[in-house]
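Below: the structure, in structure tokens.
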Amino acid sequence: MASTVHHNQTHADVTRDVVATLGTPGRGYTLLLLGSVACFLVGLVTFLFLVKDGLGLAGYKPPVMWSVFITTFVFWVGIGHAGTLISAILFLFRSPWRTAVYRATEAMTVFAVMTAALFPIIHIGRQWFFYWLLPYPNQRWLWPNFKSPLIWDVFAISTYFTVSATFLVVGLVPDVAAARDKMTGWRQKVYQIFSFNWKGTQHQWQHYSRGYLYLAALATPLVLSVHSVVSWDFAMAIIPGWHGTIFAPYFVAGAIYSGVGMVFTLLIPLRKALKIEHMIGEYHFDNLAKLTLLTGSILFYAYAMEYFVSWYSGNTFEQTTFWRRAFGPMWWAGWTMIICNAFVSQLLWFRKIRTNLTALFVISIFINIGMWFERYVIISSLQNDYEPWAWGQMGPNWADWGILLGSFGWFAMYFLLFARTFPVVAIQEIKEMIPMPRKRGAH
Amino acid sequence: MAAKRVPGVLASFAHIDAACDAIRELRASGRKDFTVYSAFPNHELEQALGITTSPVRLFTLIGGLTGTTAGFGMTIWMSRDWPLLVGGKPIAAIPPYVVIGFELTILIGALSTVAGIILMSLRNPTTGLAYDPAFTDDRIGIFVPGSGEQANGIHAMLDQAGAMEVRQNA
Amino acid sequence: MADEPSSTLDRRKFLAVLGVTGGSAAVLSGCSTDRVEKLIPYLVQSEDQVPGIATIYASTCTECASGCGLHVRTREGRAVKLEGNPEHPVNQGTLCARGQAGIQGLYHPSRVRSPRQRQTDGSFKDISWDEAIALLAAKLTAAQGKVAVISGAGRGTYRDLLGAWTAALGGKLVDYEPFDHESVRAANRQIFGLDQLPAHDFAKARYIVSFGADFLETWLSPTENQRGFAASHGYIDGAMARHVAFGPRLNLTAMNADQWHVARPGTEGAIALAMANVILAERTTGPADSNGLKNLLASWTPEQATQISGVPTEIIRRAARDFASAGPSLAVAGGIGSQHRKATELCAAVNVLNYVAGNVGRTVLFGAELQSGDGYGALVEMTTAMAAGQYQVAIVHEANPAYATPKSGHFADKFQKVPFKVALSLFPTDTAALCDLVLPIHHALERWDDLRPRKGITSLMQPVMEPVFGTLAAGDILLKLSKKAGGPLASFNAASWEAHLKQSWAGFAKAQGNGDADGFWRAALARGGVFGPAPVTPVKLAAGALQLAYPAAALDGAEGADSFTLSAYPTSMLYDGRGANRPWLREMSDPVTKITWQSWVEIHPDAANRMDVQDGEILTVTSPHGSIEAPAYLYGGLHPDVVAIPLGLGSNRTFDGRGTNGINALDLLNGEPTGGYLAYTSTRVTLAKTGKFQAIAKTEGTPRQLGRGLSDSMTLTQAKKGMTPSLAAAETEHHPEVEVNTEAEHAALRGFRSAQDEKIKLGAYAEDHPKWGMSIDLSRCTGCSACVAACYAENNIPVVGEAEVLRGREMTWIRIERYWEGGDDGEPLEARFLPMMCQHCGNAPCEPVCPVYAAYHTADGLNGQVYNRCVGTRYCSNNCPYKVRYFNWFAYNKTAFPEPLNLQLNPDVTVRARGVMEKCTFCVQRIRGAQNTARLEDRPLADGDVITACAQACPSSAIIFGNVKDSTSRIAASSRDRRGYHVFEDINVRPSVTYLARVIDRAEA
Amino acid sequence: MRKLAYLAAGTIVLTLVATVTLHRDPAAQQTAATVNDSITAPRLGASDTAALKGPRQPIFFRHDIHAGQYKIQCQYCHYTVAVSSEPGIPSLQTCMGCHSIIAGSDSSAKAEIRKLRTLADSATKTHDRVTVQWVRVHTLARHAHFPHMRHIKAMGPSACFTCHGEVSRMPQVFKVNNINNMGFCITCHIERKVTRDCTACHY
């Protein structure tokens, strides 16, 4: 408990410090924000071109019908997972170290899913008919095909977005109220609205804490399901290299791994910028790093299994695929993924590294890159499936990179806005950790 | 909205045990209509107040079940409404529909939970009750409606229980 | 059918442009229905044009000299597809890719649209027909007989008219055909004293030897040859003819041989003579008067032949014995690609071989007299005369010698010595570009005409539609000129070309002993012509036979380590360059190399290693006569001492008027006629690396089967034993047969399937339906790609162009996969073909993954693809094991059919919009059409009511389509064949396409 | 409190059920095919066409007079409707078949028929292809194929009304049903229990 909260920190301190992060932004922040908006605009323009002239602008080379877009889609969905894991699952486990970091990670989740949700629209051939994927009543009397993993995606992603967004907002209410009570003038009015007139009466707390618990309980299986569903986009297909039973757990582990990676990338600079080092400290990163180590090792195992199974199956299609992953024309991608994910994560066995923020930050960059490439490599299985005559190479081009860049801009934009507008540290949950002062001393 | 202010006594405590004492006394004196403010949920307070489990869980349950039925109902009905054979699979195949059923369970379950929180909280409106910004910071507040002589009695009692400050508003 | 002769063309009003339904197909499949459309009625109702129903006119193909019969499918007064005329003896209902692409010549945007006159500054100006006629008439009168005429028109009434007309003028006429097979004729003259091209009956031959004759590509009458070849070489209950090929290059013909033996270029003759020698020596058979040859041939021992050609002695011996004993057998030679300085001697040798084996009169049929021109020699003669200033006016009709003759022959310069030059041409060809006056003429589908491809066959052409542009029939031009010029031409006074043709046909009718000229004409028109048997001329050895000799073929250019013998060969797609401006032929890829849109230089891998040349590296090829630059294509199917370059590209005028990319291999050749012909394999060239690279636009991913059993084959012995492909493979590879599924698995599957079947007793699936299926006999398929062309024409498949092909985005619904077998460490390189299209799987992996049911299974077993429902997730293509789904990355429907090419679009098939997936539909429009007709006639569908475009076109009838449930149908029978197998059987997708393994008659000694 | 909970759940269920059941499209109701008894078409002049529904045609051709008053069978002019997917637009020759004799009763009719005659002469005499350019009223989306003959075969000669409305009462033809509304086709196909296979129309 001691290390959760900075020693001799009072309730008032917590409120003060956190509310302090909501002040007017400095130049650095503004530049960052503008930068991310610019990136987003690049993506937007690229998208408009895709709609105008057709997907052909992107570097698609049959038989690889999916490329960077789906890669990035899966990447962002994955990022989301760490957030919900920390905020929901660790909440159920009453894990003390989560309180300081969960708000930021959960925000990350919501924005990551928002980013991911763009891709199903971007990557289809006739974007303007996207709504055909939804089961809405229409005069044709046509319904979507619920057997298609893509429809599962639609449901999984939209559910995931709604639920995690709700979870975030609900969690925010008391803290926004706290902020409100420190504010003056128009700010106060604004926060008053977002606090839904929260007062903190015993009745409010009674229903609130219960409801919050149930939300967490619902979100928990959701996290596990969403990336399983995404993994089935591949696993349900018959493509060698995709058609694997371990995909669901393997993807979920990967998702959390990549998510935590992103948490490092975001929090390490953030805590400095917002001067909340004393709230988010070594202790938290150490635990996060352990989580990374665990999921990283699961990935290690999964990779090993994939190769073993393909060899052991004696199935020539599988064998070819994995041989080419390691030694084919895209060997570099294959090894990037293995090194960044399976090997780099093993460094975290050492406490020294787990507690060295610079090291963690560097590693987190490797993780992000590695996990993007994992999806890229998986999709590259399409290059050499059953029909040798149709084999080909994938060749991303400016359009692919434009969209990728745009997605990062879009994500960063929202995250930055959030960090300055809402408490990135859960005020009331931290306070819960600090014992109330007593008149008659502690008993 | 400028609702008319409820007359009563508002005490603000810095010490949890003091607050609990006060609450116990109030309950002992047979009062239930008072309001306790705190910046975070606190077990001692809950015990002192004798809080019961919130009925929100019912919303979650019913919402969830609705979701499940909706999920399976929709998929199966829609597949049969215009039967189309794909990949030699049964027209209405259960395994793939489990996904939809599950997602809707979560979705509707979660939404109805939130609805529950809101509906339930509305049953004890806070409008017009005296309030102090410190209550979301580090103070615990107790507001007891009442006026005149009765109010003075409460005032004394709260003071004596160890409130940092007590004020009456008519 | 066009069964009435009235001259009015009103009945074929050209409405498509105005679009009753005509324009419809050209509109993309978006919901663009709100724009105002006009309905343009016919002025006069036509009896034989029912809107919405195809009308078919019989006609004749003019894409090469073989003169196949056409059925022209027209809709609302515009031709939409060319198909074979089943009654025509040459092609009997089938049609090659080049023939089908003829329709793109009709609608070609770069056609000359009005008469054009050269200005003093060299530019061209459009003028009216009257001006043009007046101008030329004046010139003709002034020329006083100094008129040279080069005619590419085949034998027929027009040629007769042109001949008489030229004679009347006192001018000289040369019949010019770039691939004229002069050497074959010369040899026949020498050996048999017959100056003609015989017909060859491949169907009857039991043993076929080709000495570099590409009879499946360009040699004489390819479609007819292929039909015959398939009939004899295709495996039918335990028997098939054997085909052995000798030659320097593994061309499509050699790829279809049971064995290909690489021979040094120019040495095939030695082998032929050796074989003849062995046959005579062993006296197995042969007519009596061949004894005279015995001593002559004695010197040509197999050993010597081995020494010269490099082909092992025992192979020659066995070939000789089998050749003699098979009877009747057939040896062919004189292919353009192997036409070297001693081509005549080669053909002579082969004549002797055929003679001693007793094939002449059985498989080699003299008397048919296939049409041919006067030969390259005659052309050169005329151009020399031109250079000498002996002509005032030169008229070139449908010929392009400026392109089709080597630069070193200086045709252009000599031709330009003629003061006034006229081209009667469809396109602004290289030759037309040199002329002073260009007169645009009708396409074969726009005019009345006839053709006599051989004795006994007179094939008619009729206008199937209004002319696309302001052109005239060449015949009418001649007659107009005659009227204008008068004088010697005054006698040509027919009212019109059509009248003249009818008149001459009246004579023909009389000659045929038919009184009712009109009825005769009517019948001929309906049938497509008058088809009788060709007379057979008895053949004896001529004196020339005893001058038989075979010296080594001389070559230009220095022999040497770094120099190679160049073989400039014609491809079956581009032919003499006529195909070069047909988008389909350019994109469909060459059947051998699978390269599209580009030129290439074939070089043997060993030589490439020696010179350290990579695939796609641009090489400078230099000969004594010129030099070209083209990317290298490493090809094992060559004699190591040979480089081969395809002909047909590198013209200055084409599709978009910007000239075909690529190079013209003729630039490297010697323009001097050798014995009256142009020697295409006669030059030594040197190669130099440029260091530049070019990505080669191949449609091939990986050319090896990797033991995945795609295109299965078995030996004749195995086939006779009734082995299944998997058993045969097990035997050949000496491993126990790999059970696809164990018995337990089979049981499980059966359970699973029956479960499936009762689960789908819902909606439309409950009723009784046919199950459409297809079978493809790989022992008949030659990889010629006629099916691909048919598919392009029938299904409005867009041409995407070189850049997109380089990104692997070609849209060929049916593609011919060409896999290599062997080739390394000494074993012979062999090719396997596999026509791959949507397999219409029972358990289609593409269907369940589509989120919007755009891909689904129809009740009659089709894998339906609903374009307008498709949102383009492309998941179906990812999940297709056969990779036969094609995506519209861009709005190809807007770019691929420039006006007026869009008039060819089939109104029964939606043109796919941008962003949707498309694929083979088993020609569902034909299925539904047949079902509609059957319903109107209250009858059930009969076997053969539905035939897919590919099956219809296939010259070797390798494709069978029909209802598998109907046990009496041909498809049901062939699906039961022991050779039948499915590709990737073990992933249990249950394809509807059954392949019958190819049978190879290996020489098991 | 429990009441509240049930209430909340109830509403959720209701909304869901509503979405899946209340989707039948009212637009997809057909006008019944009725062979109409004698009609006397109103007197109208070309000037009135602006007031009438439907696009204005180059010649004010009166379906109500031809098909209604004089009961000329649709197939007389739309000559291929029973055998082909295309109904067939009558050629000028067909019109002239009668109108070389019939010159029209009132002035406006006379005027229109005169237009027709001049067109017909010019087209046959001179060789330019000028002819009437009727404005198309019903244009089916290009990705849908509609075999007219099968519908005539199945539903009889007066089936035309089912989709095109009672043309025999229309002085100037206008669109009664949105034939590009797929629901319009499907409703009928369901009612008559005929195929709903996608590739029956889409290929």
Side-chain angles (χ1 to χ4, degrees), chain A residues 10-12 15 135 141-149 151-152 155-156 158-159 162-163 166-167 170 174 177-178 180-182 196-212 214-215 217-219 221-222 225 229 232 427-429 431-432 435-440 443, chain B residues 14-18 35-42 44-46 49 51-57 59-60 64 74-75 78-79 81-82 84 86-87 89 93 96-97 99-100 102-104 106-107 109-111 113-114 116-118 120-121 123-124 126 129 131 133-138 140 162:
Chain A
T10 70
H11 293 94
T15 330
W141 302 9
L142 293 174
W143 305 113
N145 172 10
F146 293 104
K147 298 183 192 76
S148 167
I151 292 294
W152 305 349
F155 276 79
S158 46
T159 306
T162 325
V163 171
T166 323
F167 200 44
V170 171
R180 168 199 65 198
D181 293 344
K182 290 278 174 206
F196 302 100
N197 188 28
W198 176 268
K199 289 281 170 50
T201 68
Q202 77 268 44
H203 312 289
Q204 288 178 332
W205 280 122
Q206 177 197 13
H207 306 307
Y208 177 90
S209 20
R210 268 290 149 179
Y212 194 76
Y214 295 133
L215 280 182
L218 285 171
L222 184 61
S225 82
V229 168
W232 292 332
I427 301 173
Q428 58 103 345
E429 288 203 31
K431 284 181 182 165
E432 243 179 304
M436 271 303 256
R438 302 177 165 280
K439 205 152 85 218
R440 300 187 292 272
H443 49 208
Chain B
H15 305 102
I16 178 74
D17 46 3
T35 311
V36 179
Y37 301 100
S38 63
F40 51 87
N42 182 303
E44 296 183 48
L45 279 178
E46 281 170 16
L49 284 159
I51 297 254
T52 55
T53 17
S54 150
V56 167
R57 54 184 177 175
F59 283 78
T60 316
M74 177 178 74
T75 47
M78 285 180 179
S79 320
D81 182 45
W82 188 320
L84 286 171
V86 289
K89 294 171 168 44
Y97 297 171
V99 178
I100 311 292
F102 171 81
E103 298 297 343
L104 286 190
I106 302 293
L107 182 63
L111 293 178
T113 307
V114 176
I117 299 176
I118 296 167
M120 287 298 132
S121 314
R123 290 164 67 236
N124 308 81
T126 59
L129 305 184
Y131 171 77
F135 296 155
T136 56
D137 188 356
D138 57 354
I140 299 171

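Lettering follows sequence order; numbering is per chain, from 1.
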Inset, instruction - Under 4.5 Å heavy-atom distance to chain A, tell me which part of A14(B) shows up: side chain, backbone, both or neither. - result: backbone

Inset, instruction - Would you indicate whether the side-chain heavy atoms of N145(A) and L84(B) approach each other to under 4.5 Å? - result: no

Legend entry - CD1-NE2 distance between I51(B) and H207(A), expressed to the nearest 0.5 angstrom: 8.5 Å

Legend entry - Interatomic spacing from CZ in R438(A) to CD in E44(B) - rounded to 0.5 Å: 4.0 Å

Legend entry - Set of residues satisfying salt bridge (Lys or Arg N to Asp or Glu O under 4.0 Å) with respect to D137(B), sequence neighbours excluded: K182(A)

Legend entry - Rounded distance [0.5 Å steps], CZ in F196(A) versus CD1 in I117(B): 11.0 Å

Legend entry - Partner chain B: residue of P149(A), P435(A), A217(A), A156(A) with the largest heavy-atom pair count (under 4.5 Å): A156(A)

Legend entry - Check: S121(B) main-chain N/O paired with Q204(A) side-chain donor or acceptor under 3.5 Å: no

Legend entry - I151(A) and I100(B), any side-chain heavy atoms less than 4.5 Å apart: yes

Inset, instruction - Could you tell me whether the side chain of K199(A) reaches within less than 4.5 Å of the side chain of L129(B), counting heavy atoms only? - result: no

Legend entry - Flag, side chain of W143(A) to backbone of D81(B), donor-acceptor distance under 3.5 Å: no

Legend entry - Selection from I106(B), D138(B), T113(B) maximising heavy-atom pairs under 4.5 Å formed with chain A: I106(B)

Inset, instruction - Give the member of V99(B), N42(B), I118(B), V114(B) that has the highest number of heavy-atom pairs under 4.5 Å with chain A. - result: V99(B)

Inset, instruction - To the nearest 0.5 Å, tell me how far I16(B) CD1 sits from M436(A) CE. - result: 5.0 Å

Legend entry - Contact check, side chains of L45(B) and Q202(A), non-hydrogen atoms, under 4.5 Å: no

Inset, instruction - Identify which part of T166(A) has an atom lying under 4.5 Å from any heavy atom of chain B, answering side chain, backbone, both or neither. - result: side chain

Legend entry - V163(A) to A110(B) - nearest heavy-atom pair and separation: CG2-CB, 3.9 Å

Inset, instruction - Taking all non-hydrogen atoms of both residues into account, name the closest pair between A177(A) and T136(B) and its distance. - result: O-OG1, 4.1 Å

Legend entry - T126(B) portion near chain A, given a 4.5 angstrom heavy-atom threshold: both

Legend entry - Within-4.5 Å side-chain heavy-atom neighbours: Q206(A) and P41(B): no

Inset, instruction - Would you indicate whether the side-chain heavy atoms of Y131(B) and D181(A) approach each other to under 4.5 Å? - result: yes

Legend entry - Nearest-0.5 Å distance that lies between atom CZ in F155(A) and atom CG in L107(B): 9.5 Å

Inset, instruction - Can you tell which part of P437(A) gets under 4.5 Å to a heavy atom of chain B, answering side chain, backbone, both or neither? - result: both

Legend entry - Distance (rounded to the nearest 0.5 Å) between R210(A) CZ and R57(B) CZ: 6.5 Å

Inset, instruction - Anything under 30° is parallel, anything over 60° is perpendicular, the rest tilted; go ahead and classify Y97(B) against F146(A). - result: perpendicular

Legend entry - Closest approach of F40(B) to Q428(A) (non-hydrogen atoms, all atoms of both residues): CB-O, 3.7 Å

